[in-house]
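Data block below; observations after.
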Amino acid sequence: MSARLEHKVAIVTGAASGFGRATAIRFARERARVVVVDLDEQRGSETIEEVCAAGSTGRLVVGDVSALDVARRVVGEAVEQFGGVDVLVNNAGIAQDDARDTWDAAEDTWDQLLRVNLRSVYACSRAAIPVMLAAGTGAIVNVASIAASVCTGGAAYAAAKGAIVSYTRHVAREVASRGVRVNCVSPGFMRTPMTTGERLGLDEAQQEERMLAFGQRVPMHRTGSIDDVADAILFLASEEAGYITGQELIVDGGYVVR
Ligand code: NAI
């Protein structure tokens, strides 16, 4: 079987860590050339090294993907270096803290969560879609969350993720006749630095305890891996999903239907 993204050019936002990095590497194994975008230059460079180690090539753009000028710079880099944009993965995002009453979040917190998690999807899509329409082909995969469907993650985070699902459907409908597909993946409780608690200062034993507790809430009795999400993103980005658009693929071990 030939590589699933042979001759394709992909942009992956938030690819210095977690799902984004796993997706960039997974894409590289399928021969895509990858533009990695992140705020974190050091870890973004490490992703590029892994993309090259996987047998492909990539470029790093450092910047905030919620800004339209950055989004346009990213698309410009893909076109200039690799000749186009076939796949856009809008993955960059930030978590809301676990405070109980998240409706009471400060205005800055609300604005930041909506800007990074939602505006970034709009900005990168707005920059990339004209290139895809001109080529008559393209696939966008947005990373939402089960927070769009069930109460987890905080009110502002859930509002942003729910909006991604609606935005996905709407844009998919608008561009369907012109060769561009738009879908989203909604991960459940997955093991990444966003969920383990390492950023909250938990030691390794506490992180394991936290992940075990998450896993016990899942019908499959485990948390998911970054590769579970990368595989779903790859499917929606590839020709195998050529007749699928406007959909939300939930990757959660059955949590939403429990
Ligand atoms: P992560 O924290 O490991 O990686 C996110 C990356 O995005 C980081 O490298 C960060 O520097 C980058 N980033 C953040 N803001 C940015 C900005 N404004 N511009 C450019 N880069 C930026 O996160 P993880 O867990 O891999 O999450 C990725 C996506 O998946 C997020 O959208 C998150 O909301 C979503 N998600 C995560 C779940 C989980 O269990 N970890 C569950 C459901 C959804």
Side-chain angles (χ1 to χ4, degrees), residues 11-26 35-48 50 60-71 73-74 88-98 111-124 127 141-150 152-154 156-165 167-168 184-200 207 210-211 213-215 217-218 222-230 232-233 248-253 255-256:
I11 293 171
V12 185
T13 73
S17 176
F19 306 149
R21 176 180 281 184
T23 301
I25 296 166
R26 190 79 183 79
V35 177
V36 162
V37 198
D38 208 287
L39 291 168
D40 187 332
E41 184 166 10
Q42 169 68 35
R43 290 176 57 82
S45 304
E46 289 165 15
T47 301
I48 295 290
E50 295 205 46
L60 172 65
V61 177
V62 177
D64 175 353
V65 285
S66 65
L68 189 57
D69 62 330
V70 173
R73 184 152 55 85
V74 172
L88 166 65
V89 180
N90 283 314
N91 162 79
I94 51 171
Q96 184 163 15
D97 69 29
D98 289 327
D111 289 346
Q112 161 95 337
L113 279 152
L114 271 286
R115 191 175 55 75
V116 177
N117 290 336
L118 180 60
R119 192 180 200 280
S120 60
V121 178
Y122 147 79
C124 293
V141 184
N142 298 320
V143 179
S145 165
I146 55 165
S149 308
V150 294
T152 183
Y157 182 83
K161 295 301 189 178
I164 290 176
V165 178
Y167 175 87
T168 297
C184 64
V185 166
S186 281
F189 295 104
M190 320 304 276
R191 179 180 285 269
T192 80
M194 186 181 276
T195 42
T196 55
E198 68 176 71
R199 290 178 187 155
L200 304 172
Q207 289 178 36
R210 183 178 157 100
M211 294 314 290
F214 281 147
R217 295 160 66 187
V218 175
R222 65 173 178 88
T223 51
S225 72
I226 52 176
D227 292 321
D228 290 324
V229 175
I233 293 173
E248 178 191 17
L249 178 52
I250 297 178
V251 183
D252 72 343
Y255 186 78
V256 164

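Keep in mind that what you see is a predicted model, and the values were worked out from it rather than measured. Note that ligands are numbered from 1 as they come in the structure, with each ligand's atoms numbered from 1 the same way.
Among protein residues, Gly14, Ala16, Ser17, Gly18, Phe19, Asp38, Leu39, Gly63, Asp64, Val65, Asn91, Ala92, Gly93, Val116, Val143, Ala144, Ser145, Tyr157, Lys161, Pro187, Gly188, Met190, Thr192, Pro193, Met194, Thr195, Arg199 come within 4.0 Å of ligand 1, judged on heavy atoms.
You'll find the side chain of Arg21 stays beyond 4.5 Å of the side chain of Asp38, heavy atoms only. A heavy-atom distance below 4.5 Å is not found between the side chains of Lys161 and Ser186. Annotation: side chain of Val74 is not in contact with side chain of Cys124 (no heavy-atom distance under 4.5 Å).
For the residue pair Arg115/Ser66, the side-chain donor-acceptor check at 3.5 Å is satisfied.
Using bins of under 30°, 30° to 60° and over 60° for the plane-to-plane angle, the ring pair Phe214/Phe189 lands in the parallel bin.
Between Arg222 and Asp228 there is a salt bridge, since a side-chain N of the basic residue sits under 4.0 Å from a carboxylate O of the acidic one.
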